[in-house]
Protein chains: 2
Amino acid sequence: MSVSTKLSSSVKALCFLAECSPTPKTSKEIAENTGINASKLRKLLSLLSKSKIVKSNQGTKGGFQLLKSPSKIHLQEIYCAIEDRKAFHLKVSDINGYDGYDYLGYFENLFSNIQIDIEDKMTKISLLSVMNDLKIETKIK
Amino acid sequence: MSVSTKLSSSVKALCFLAECSPTPKTSKEIAENTGINASKLRKLLSLLSKSKIVKSNQGTKGGFQLLKSPSKIHLQEIYCAIEDRKAFHLKVSDINGYDGYDYLGYFENLFSNIQIDIEDKMTKISLLSVMNDLKIETKIK
DNA sequence: AAAAAATGTTACACTTACTGTAACAAATTA
DNA sequence: TAATTTGTTACAGTAAGTGTAACATTTTTT
């Protein structure tokens, strides 16, 4: 799954949970309301659960619930929870060698700075602000 | 080829041209000095030529030459010349629908802002500054 | 005019990554 | 104990990336 698909799917699922809180929602219910495959959702929500953004309950009457209020959840958090690789993924396998200059180091540094900018930007965007922009009502502020 | 590979390969080739200017260098010569496949180089340099960053000459005594001084070539230019797609490529095929909210528009907007930041950053970096950072001597300033 | 040399472009096989789904173990509730 | 739900793994099918070769096109030299 690409970074943007994972992020947007996660946000969509989290928005749905905020809309319906506080009762837990199963991956099946979320799937029916978002159009995202239930198995895919479980993978994403399981990562979000490890980062304490949602709470998951197995078994009958189980499902997923928000663990933090939408105003306290930021895109950067979601992004870091679901993504191990960096957004601007750097392929540097063979740009070095031959002439002895450190192109590898140069571009690693450049892309890592870009990465920092992206994360800064996302740190400033809360789930609540996304919901406000999209005019989604929320039960939890 | 990934964005970062294309960009770093292009920069490497352009640095080599700046080092050896003003005599034209063939894709074979550049390949031998950079370790980048000659056919790949011709593809990249042909794009850079369409953007007037290099000049290409076919036939005997042909090859590639810088058309601008390294201080006037910026990473953003190179990046735009070789890349039609955006760096932070957005997959939005199916994040919409079902609940009627415009997630698609939201994320397109977000990623397009990120894109602008990335390009701003690259606009500020000249080929000459890359060469200075890497301590590469240049015949053309 | 012909041969040689170089770019420009297309094509292709190979590999890698992505995608969607299914299957099933583990956990929880009734 | 049975039913339900998450968590995780696996896998087939598809798409994308990679490296290279082949050859047409252009230019220079003889």
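First the proteins, then the strands, lettered A, B, ... as listed; each starts at 1.
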Between [atom2] of [N] and [atom1] of [X], the distance in whole Å:
X	N	atom1	atom2	answer
B:Leu47	C:dT10	CG	P	12 Å
A:Asn57	C:dA27	CG	C1'	11 Å
A:Lys6	C:dG20	NZ	P	13 Å
B:Leu44	D:dG17	CG	C1'	14 Å
A:Lys28	D:dA3	NZ	P	16 Å
A:Leu41	D:dG7	CG	P	12 Å
A:Glu29	D:dT5	CD	C1'	11 Å

Item to complete: Run through A:Leu17, A:Val54, A:Asn57 and flag the one making a side-chain contact (heavy atoms from CB on, under 4.5 Å) with A:Gln65.
Response: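 Going through A:Leu17, A:Val54, A:Asn57 one by one, the side-chain contact (heavy atoms from CB on, under 4.5 Å) with A:Gln65 is satisfied by A:Asn57 alone.
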Practice prompt. Using side-chain contact (heavy atoms from CB on, under 4.5 Å) as the criterion, point out the one residue from A:Ile36, A:Val130, A:Leu134 that pairs with A:Lys12.
Written response: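 With A:Lys12 as partner, side-chain contact (heavy atoms from CB on, under 4.5 Å) holds for just one option, A:Ile36.
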Ignoring hydrogens and angles, does a donor from either the side chain of [X] or the base of [N] sit under 3.5 Å from an acceptor on the other?
X	N	value
B:Gln58	D:dT27	no
A:Thr60	C:dA30	no
A:Lys43	C:dT21	yes
A:Lys25	D:dT5	no

Worksheet item: Measuring from B:Leu128:CG to B:Asp133:CG, what's the distance to the nearest 0.5 Å?
Response: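 Those atoms lie 9.5 Å apart.
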Discussion item. Need to verify one output field. Residue with the more 5' nearest nucleotide on DNA chain C, A:Ser39 or A:Gly59?
Written reply: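 Upstream on the strand: A:Ser39.
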Discussion item. What's A:Lys50 touching, base or sugar-phosphate or nothing? Going by heavy atoms closer than 4.0 Å.
Written reply: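 Sugar-phosphate contact only - A:Lys50 comes under 4.0 Å of backbone atoms but never of a base.
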Can a side chain N or O of [X] be found less than 4.0 Å away from OP1 or OP2 on [N]?
X	N	answer
A:Ser56	D:dG7	yes
A:Lys61	C:dT29	no
B:Ser27	C:dT7	yes
B:Asn37	D:dT20	yes

Worksheet entry | Earlier contact from the 5' end, DNA chain D, for A:Gly62 and B:Arg42 |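 That would be A:Gly62.
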Fill in: Nearest to side-chain heavy atoms of B:Thr26, which nucleotide of D:dG7, C:dA6, C:dG8
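Between D:dG7, C:dA6, C:dG8, the one nearest the side chain of B:Thr26 would be C:dA6.
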Item to complete: Choose from D:dG19, D:dT6, C:dG8 the nucleotide whose nearest atom is closest to any side-chain atom of B:Lys40.
Response: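 Nearest listed nucleotide: D:dG19.
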Worksheet item: Can A:Thr123 and A:Lys121 be counted as having a side-chain donor-acceptor contact under 3.5 angstrom?
Response: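 Not at all, the side chains of A:Thr123 and A:Lys121 share no donor-acceptor pair under 3.5 Å.
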Discussion item. If I compare all heavy atoms of A:Glu119 with all of A:Gln76, which pair ends up nearest, and what's the gap?
Written reply: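 Of all heavy-atom pairs spanning A:Glu119 and A:Gln76, the closest is OE1-NE2, 3.2 Å.
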